[in-house]
Amino acid sequence: MNYKDKMLRDDALKDKTIVVTGGGSGLGKAMAAYFLELGANVVITSRNFEKLKTVQAELESQTGGSVLPVACDVRHYNEVEQVVLASIERFGKVDVLLNNAAGNFISPTERLSSNAFDTIIDIVLKGTKNCTLAFGKHWIEKKETNKTVLNIVTTYAWTGSAYVVPSATAKAGVLAMTRSLAVEWAKYGMRFNAIAPGPFPTKGAWDRLLPGDLKEKFDLAKKVPLQRVGDHQELANLAAYLVSDFSAYINGEVITIDGGEWLKGAGQFNLLEAVPEPMWDMLEAMIRSKKEK
Ligand code: HXC
Ligand code: NAP
């Protein structure tokens, strides 16, 4: 066994319907594919319907599952409400909302127009709010229980990060929403959790965060104590567990899957990693000699 293997048993998500925003590309598509393999019906949404239809055909032939593609810009509440209606019409109910859609790009903040900042906040924070409110209200009104919302955030949701300030601001808000509703809406039978991925290469993220030769200049694997980037299947394994009934007692949690990346940046003396082994004899001797005096 290794981390690229599929973790849960075959029927782990049988009879569940899962809505994956941004499910037509990158990590959303990888998670959707695994949910289908585990027996779920999946609704994939994004702004690009043609892309979604292509991915629907690909995922259905790959997994034998059922995929409903629905065009929706998460920034518009009326479009999100249509996703609720279309999903119910096709599958009868929805059990899981996976808020995965996002927008991001690197930029010095002073170069951003007000609209550029708003665009990221609107996709990430307002989009997650729109989906959560539309599905949450539906579940409360119908008195349906055993529902799960899983939000994809980032590790800079709590550390903050220069050069992606709108994204950091929005993801911090999504994390606060996750923890707040985990308490408030537990009484309605909903669980709220989040995943904070470290670097998992996708075209969408890499084109906007590491354009041109930045990919070569900033090898993100080197920032990770485990010296590698993430594999899509290991993220899909974690997501499948968190939306399954096996995680029924996990609520209000954010699970980091980053090989230790953010802690490496945080620990004050982590830079001592650069000290070569033989030098430690000398350093130890220097420290001990101070005590003896
Ligand atoms: C400065 C920029 C810009 C840039 C766009 N804008 N790109 N400003 N630098 N590189 C400005 C525009 O000029 C405009 O402002 C405003 O932002 C909106 O741009 P539009 O192109 O009109 O918006 P839209 O078509 O809605 O596209 C949204 C987008 C785009 C976010 C700009 O990149 C997109 O569609 N992204 C979706 C996918 C994505 O971002 N995936 C990566 C997620 S990765 P003005 O003032 O001119 O009107 C992620 C990983 C985190 O989140 C952690 C990784 C380790
Ligand atoms: P991605 O492929 O670009 O995924 C973003 C998705 O969001 C796309 O499918 C996009 O589809 C959709 N989207 C963007 N704006 C939208 C809007 N207004 N309405 C509806 N859908 C919209 O990038 P990814 O790397 O897989 O990112 C997926 C998630 O993981 C994001 O939440 C991201 O912040 C998070 N994340 C990624 C990494 C990483 O290393 N890759 C690390 C930490 C967190 P359309 O363009 O077709 O609309």
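Each ligand, and each atom within it, is numbered from 1 in the order the structure gives.
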Backbone or side-chain N or O of D73 under 3.5 Å from ligand 2 N or O: yes
Check: G204 N/O within less than 3.5 Å of ligand 2 N/O: no
Test of proximity, W206 against ligand 2: N or O pairs below 3.5 Å: no
G127 near ligand 2 by a heavy-atom separation under 4.0 Å: no
Sub-4.0 Å atoms of ligand 1 with respect to non-hydrogen atoms of S113: 15 (O), 45 (P), 46 (O)
Ligand 1 to T154 polar contact by distance, N or O atoms, under 3.5 Å: no
ILVMFWY cluster, I250 and L38 together (side-chain gap under 4.5 Å): yes
Distance from atom 1 (P) of ligand 2 to nearest protein heavy atom, with residue and atom: S25 OG, 3.7 Å
A30 heavy atom under 4.0 Å from ligand 2: no
Ligand 2 contacted by K171 (non-hydrogen, < 4.0 Å): yes
Distance from atom 40 (O) of ligand 2 to nearest protein heavy atom, with residue and atom: F200 N, 2.9 Å
Parallel, tilted or perpendicular: ring planes of W262 versus W158, cut at 30 and 60 degrees: perpendicular
Of the listed options L209, V74, V153, V20, closest to atom 19 (N) of ligand 2 (non-hydrogen atoms): V74
Same apolar cluster (I L V M F W Y, side chains within < 4.5 Å links), I123/Y156: no
Atom indices of ligand 1, in the order listed, that fall short of 4.0 Å to a heavy atom of R75: 26 (O)
Non-hydrogen atom of C72 closer than 4.0 Å to ligand 2: yes
For atom 26 (O) of ligand 2, closest protein heavy-atom neighbour: L27 N, 2.8 Å
Nearest protein heavy atom under 4.0 Å from atom 22 (O) of ligand 1, yes or no: no
Those atoms of ligand 2 less than 4.0 Å from some heavy atom in G22: 6 (C), 7 (O), 9 (O), 12 (C)
T119 and ligand 1 - part of the residue with a heavy-atom distance under 4.0 Å: side chain
